[in-house]
Amino acid sequence: MIELENVLSHISQQFNPETDTQTKDKNVDKAHNHLVRVTLDCYKLLWVNLYEQLKRIEEDDSIRKLGLNISESDFLMKSQELRLLAQEARRKEMVSVGLNPLASIDLYKEVVRKGYELIDSIGENKIEEIKSLKGFISTKEFITGMVMGVFAGLISGYLLSFV
């Protein structure tokens, strides 16, 4: 938010009648630099959000993993490749600090694109079907347990009546 505010502050100097052309040009350059920085920050925030979602899937119980439209091994392999790409983007960002902030934006853009591809490999319909089936199985187990309990109670009551 601060970077966006800085962009607007520098752009607003274009409309300041007391500012000379050279200062206006410098402010446009500064606004551009802030805009690049905010773009980079947004991609990094997207990556953090995607990473957290992917981590929850990896650590989640089998329901999310069963809902994948790709094999679990492919999912884990692509997740690892994605982490390596994110590390490469971060390294490139650190190397180009102050020199060329645009250098790492393309890598972060690729990280986010691939992250969304992995997130999209989760079939939400499959997950709903699995949850429904799990609920049905739980209900069936409960009813079976109740019937067996009543049946066992009747048998034991019948047997105790002879004692």
Side-chain angles (χ1 to χ4, degrees), residues 1-139 141:
M1 297 302 283
I2 292 171
E3 292 292 337
L4 285 176
E5 182 181 345
N6 290 337
V7 168
L8 294 174
S9 295
H10 288 296
I11 289 175
S12 69
Q13 290 305 307
Q14 291 292 14
F15 304 102
N16 184 351
E18 297 175 10
T19 306
D20 62 20
T21 305
Q22 187 179 8
T23 305
K24 287 181 180 182
D25 290 344
K26 285 181 183 176
N27 276 298
V28 167
D29 287 339
K30 289 179 180 180
H32 174 264
N33 292 338
H34 285 294
L35 200 55
V36 168
R37 185 70 229 174
V38 77
T39 302
L40 183 60
D41 289 346
C42 286
Y43 275 116
K44 287 166 59 175
L45 286 172
L46 276 170
W47 161 239
V48 168
N49 183 281
L50 289 169
Y51 174 76
E52 289 172 358
Q53 289 180 48
L54 292 170
K55 191 173 178 183
R56 275 195 308 269
I57 294 167
E58 289 174 7
E59 295 172 353
D60 198 3
D61 60 359
S62 60
I63 291 178
R64 281 237 177 256
K65 290 179 182 174
L66 288 173
L68 291 172
N69 291 326
I70 59 176
S71 71
E72 184 178 349
S73 61
D74 283 348
F75 179 81
L76 294 173
M77 184 180 69
K78 288 181 179 184
S79 290
Q80 184 59 31
E81 289 172 0
L82 188 59
R83 285 187 188 96
L84 293 174
L85 184 61
Q87 288 173 351
E88 181 183 337
R90 180 68 177 150
R91 266 192 301 278
K92 190 158 194 167
E93 177 189 3
M94 296 307 294
V95 168
S96 59
V97 167
L99 303 172
N100 183 12
L102 288 172
S104 61
I105 286 181
D106 287 335
L107 281 174
Y108 276 113
K109 195 182 294 187
E110 185 69 11
V111 166
V112 168
R113 185 186 66 74
K114 288 185 176 191
Y116 277 123
E117 283 178 8
L118 266 180
I119 295 294
D120 289 342
S121 71
I122 300 168
E124 291 300 325
N125 291 339
K126 278 185 177 180
I127 291 173
E128 290 306 315
E129 288 176 18
I130 291 167
K131 285 180 180 178
S132 175
L133 182 60
K134 188 176 179 182
F136 173 74
I137 291 170
S138 295
T139 303
E141 287 175 349

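The CZ atom of Arg37 sits 10.5 Å away from the SG atom of Cys42 when rounded to the nearest 0.5 Å. Atom CG of Asn6 is separated from atom CD1 of Ile11 by 11.0 Å, given to the nearest 0.5 angstrom. Here the straight-line distance linking atom CG of Leu50 with atom CG of Leu118 works out to 9.0 Å at 0.5 Å rounding. For the atom pair CD1 of Ile105 and NZ of Lys92, the computed distance is 11.5 Å after rounding to the nearest 0.5 Å. Rounded to the nearest 0.5 Å, atoms CD (Gln80) and CG (Leu54) are 12.0 Å apart. Rounding to the nearest 0.5 angstrom, the gap separating the CD atom in Glu52 from the CZ atom in Arg56 is 7.0 Å.
Of all the heavy atoms in Ala31 and Val7, the pair that sits closest is O-CG2, 3.6 Å. The nearest pair of heavy atoms linking Ser104 to Ala89 is CB-O, 3.6 Å.
None of Leu107, Asp106, Val112 except one satisfies the side chain to side chain contact (heavy atoms under 4.5 Å, CB included) rule with Lys109; the exception is Asp106. No option in Thr19, Thr21, Asp20 other than Asp20 meets the side chain to side chain donor-acceptor pair (under 3.5 Å) test with Thr23.
Sparse packing is recorded around CD of Glu5, with 12 or fewer heavy atoms of other residues, nucleotides or ligands lying under 6.0 Å away. Shown here is Lys24, whose NZ atom has more than 12 heavy atoms of other residues, nucleotides or ligands within 6.0 Å.
Annotation: side-chain contact (heavy atoms from CB on, under 4.5 Å) contacts of Asn49 (sequence neighbours excluded): Gln53. Partners of Tyr116 according to the ring-ring contact (aromatic ring centres under 6.0 Å, His included) rule, which considers only residues two or more places apart in sequence or in another chain, do not exist here.
We find that Arg113 and Glu117 are joined by a salt bridge, their nearest charged nitrogen and carboxylate oxygen being less than 4.0 Å apart. Salt bridge Lys44/Glu93: present, at least one basic N to carboxylate O contact under 4.0 Å.
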- [ ] Please lay out, stage by stage, how Tyr51 and Trp47 fare under the test ring pair (Phe, Tyr, Trp, His ring centres under 6.0 Å).
- [x] CA-CA 6 Å; Tyr51 174 76; Trp47 161 239; 5.6 Å; yes
Task: Intermediate values then yes/no, side-chain contact (heavy atoms from CB on, under 4.5 Å), Val28 and Gln14 - done: CA-CA 8 Å; Val28 167; Gln14 291 292 14; 2.4 Å; yes
